[in-house]
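For reference, the structure is listed below as structure tokens.
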Amino acid sequence: MDIFLLEAVINGLLLGGVLALLALGLNLIFGVIDVVWIAYADLVMCGMYAVFWLYSGLGWLLPLAFLAAIAIVAVLGVLVHVLIIAPILGSAPINQLLATGGLLYFLQSFATLVFGTDFRNIGVRLPIIEVGDLFISFARLIAFVVALIGAVALYFFLRRTYIGTAIRAIAQDRDIMGLMGVDQRRIYLVTSAIGGALAGLGACLLALQYDVHPFIGNTFGPLIFMVCVLGGLGNMIGGFVASFIVSQIISIGGYYSSVELSYVMAFTLFIVLMFIRPRGILAP
Amino acid sequence: MLSLAGVCAGYGSLRALFDVSLDVKEREAVGVIGPNGAGKTTLMRVISGLIPLSQGEMTFDGVSLPGLPAHRIVTHGIAHIPENRRLFPRLTVEENLRIGAFIPQARRHFADRLAWVYDFFPRLKERRSQPAGTLSGGEQQMCAIGRALMSRPRLLLMDEPSAGLAPLLVRQVFELVGRIRAEGFTVLIVEQNVQQILDVVDRAYLLEVGSIKLSGTSAQLKHNELIRKAYMGL
């Protein structure tokens with residue numbers, strides 16, 4: 001096998017990890033609350049700024065800055081639910097889309113106001129690992145491993161705990177949760193906090209690899225949505241699988257042609273698959 | 001134990017219950033019979049807090065229920081088995097039972113309670129890691145009852161337990177009601193299957209177009225001319 005192709009495959013795999021993590025968060029919120037957070041990638045942007053501000057600005061230790069950023073975005077997630085979603089939960093889905101779409105512009109403008117449009121970098125330089133003739137970015141490897149750990153932790157939380165079981169149940173039959181002694185509003189808050197925390201974790205992993213600027217959400221936000229729809233909105237396993245398919249197309253396509261063209265390929269495949277499997281690749 | 005006085009309720013401007021008064025004493029099994037659309041399910045949903053009442057009083061062991069949300073009412077010891085069972089189809093049997101023990105006082109006794117339910121329904125133990133959606137109708141009813149019993153209720157509300165079941169299973173379900181009573185639970189049960197339910201309960205109320213038309217012991221109602229003609233086809 002061509003060594004550069006192998007490198008592209010590995011890079012695709014590593015890229016897929018963070019994408020999968022963010023897709024899990026968005027799918028979780030959609031599955032439980034039945035709302036699409038259009039501004040999800042912009043919560044990630046806020047998290048990246050939080051890391052930048054705490055680490056580069058205030059001089060915190062990096063692990064502490066990471067934990068704080070996760071907590072900050074988790075709180076942001078709760079605020080998004082309480083301030084924006086909860087008041088319009090009963091109204092038409094289009095209103096919820098518009099409201100979180102408005103949040104997207106709000107967050108981007110707010111970040112521009114506070115941090116300006118400069119590209120910021122936390123300036124942590126992680127080594128490149130050489131395995132034989134292969135070069136692998138350590139930052140990407142960490143991002144992949146941590147994203148997988150996050151996904152596994154979420155899996156066990158949803159499987160093993162009472163709240164996790166209730167979160168899965170609520171997506172199947174909303175109306176009778178009260179009869180089980182479950183307060184729907186509390187489940188929504190917990191879900192929003194988890195969705196926010198996953199965005200915060202994604203932000204930490206991306207801050208190691210990329211510069212942050214107010215519009216960085218626009219670069220990977222559409223990818224997250226494509227992955228979620230490809231896997232079937234609300235289908236967490238589908239989204240997980242789709243993340244790796246999409247990241248491989250982008251990575252291998254980029255190797256054979258160019259990065260720009262690889263995005264064209266990924267979105268073309270997306271459009272084709274929407275005709276063949278409109279309810280997601282893993283839909284029964 | 002449970003007492004309703006002058007309860008009115010409905011959906012928006014549509015009124016479904018008019019001045020309903022009813023009571024259930026400890027360890028009693030009470031039936032509410034009546035035709036489709038009489039308001040039987042609404043009555044159950046009002047008691048468990050899914051629908052607010054617009055007028056009247058409702059107490060359970062001295063606790064005033066109106067105004068309490070459904071998830072608080074469960075903690076006072078009322079479990080409601082909804083019509084058509086409403087299991088979580090993609091959760092396993094055991095996960096369905098775990099959701100039934102969601103309230104804090106039930107979580108503490110989860111292991112004991114689960115063993116008790118499996119003892120009561122050995123079939124559920126065999127099927128415990130299967131998705132609830134793959135169970136047969138009778139097994140689903142067992143799972144729904146088991147899920148309700150996981151919260152350690154004192155009063156069990158059963159909404160049309162025989163709905164959608166084959167005739168043979170209907171008989172099994174009514175036998176189950178008898179077994180549940182023998183365990184000391186108080187039961188309020190809503191049914192269209194008048195003949196069979198009157199064999200199981202001590203007393204019953206007849207609900208028609210939202211109001212109580214008749215009440216009495218099972219024996220009295222079985223010999224009532226109106227009930228024999230309209231509901232038992234005799």
Side-chain angles (χ1 to χ4, degrees), chain A residues 24 27-34 81-82 86 89-91 154-191 194 231-241 279-280 282-284, chain B residues 41 44-52 68-108 110 129 131-133 144 146-153 155-159:
Chain A
L24 276 180
N27 268 330
L28 180 73
I29 288 160
F30 177 79
V32 173
I33 312 177
D34 212 10
H81 183 75
V82 172
L89 203 54
S91 75
L154 178 67
Y155 175 85
F156 280 106
F157 173 76
L158 292 177
R159 285 270 160 194
R160 297 285 160 85
T161 65
Y162 282 95
I163 295 226
T165 313
I167 284 175
R168 285 159 57 220
I170 208 168
Q172 298 176 34
D173 196 333
R174 215 168 288 280
D175 302 336
I176 63 157
M177 291 313 287
L179 300 182
M180 306 292 122
V182 178
D183 184 358
Q184 239 183 60
R185 290 168 309 174
R186 196 172 133 228
I187 297 295
Y188 288 172
L189 287 182
V190 172
T191 304
I194 295 172
L233 254 181
N235 184 338
M236 301 225 253
I237 296 170
F240 197 80
V241 172
R279 304 180 69 196
L282 290 191
Chain B
T41 293
M44 292 304 225
R45 294 171 73 90
V46 165
I47 297 171
S48 59
L50 289 178
I51 300 174
L68 288 181
H71 64 92
R72 299 280 311 147
I73 288 181
V74 185
T75 63
H76 285 101
I78 298 180
H80 176 166
I81 305 170
E83 196 177 5
N84 298 321
R85 303 170 278 282
R86 302 285 285 269
L87 294 175
F88 302 107
R90 294 191 298 282
L91 297 188
T92 65
V93 168
E94 192 151 314
E95 286 170 337
N96 269 278
L97 296 177
R98 197 198 296 155
I99 288 281
F102 188 87
I103 56 173
Q105 68 250 45
R107 280 187 211 187
R108 282 195 290 277
F110 175 70
S129 29
R147 185 177 64 178
L149 294 179
M150 289 300 292
S151 69
R152 300 161 58 89
L155 173 66
L156 204 55
L157 307 177
M158 302 178 87
D159 192 352

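In the text below, chain A, chain B and the rest are named by the order of the sequence lines, each starting its count at 1. As the structure is a computational prediction, the values presented were derived from the model and not from experiment.
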B:R147 vs A:M180, side chain to side chain contact (heavy atoms under 4.5 Å, CB included): CA-CA, chis, key distance, verdict: CA-CA 9 Å; B:R147 185 177 64 178; A:M180 306 292 122; 3.5 Å; yes
Side chain / backbone / both / neither for A:R186 at chain B, heavy atoms under 4.5 Å: side chain
Would one find more than 12 heavy atoms of other residues, nucleotides or ligands at under 6.0 Å from atom [atom1] of [X]?
{"X": "A:R279", "atom1": "CZ", "value": "no"}
{"X": "B:R72", "atom1": "CZ", "value": "no"}
{"X": "A:F157", "atom1": "CZ", "value": "yes"}

Pick whichever of [options] has the most heavy-atom pairs under 4.5 Å with chain A.
{"options": "B:I73, B:L157, B:N96, B:L50", "answer": "B:L50"}
{"options": "B:S48, B:A70, B:P69", "answer": "B:A70"}
{"options": "B:S151, B:A106, B:P104, B:A101", "answer": "B:A101"}

From A:D173 atom CG to B:I99 atom CD1, the distance as rounded to the nearest 0.5 Å: 11.0 Å
Contact class of B:P89 relative to chain A, heavy atoms under 4.5 angstrom: both
Contacting moiety of B:L91, where chain A heavy atoms sit under 4.5 Å: both
Pair A:L179-B:R86, side chain to side chain contact (heavy atoms under 4.5 Å, CB included): steps then yes or no: CA-CA 11 Å; A:L179 300 182; B:R86 302 285 285 269; over 6 Å; no
Nearest heavy-atom neighbours spanning B:F102 and A:Y162: CE1-O, 3.6 Å
Closest heavy-atom pair and its distance - B:V74, A:G178: CG2-O, 3.4 Å
B:E95 (side chain) donor-acceptor with A:T165 (main chain) under 3.5 angstrom: no
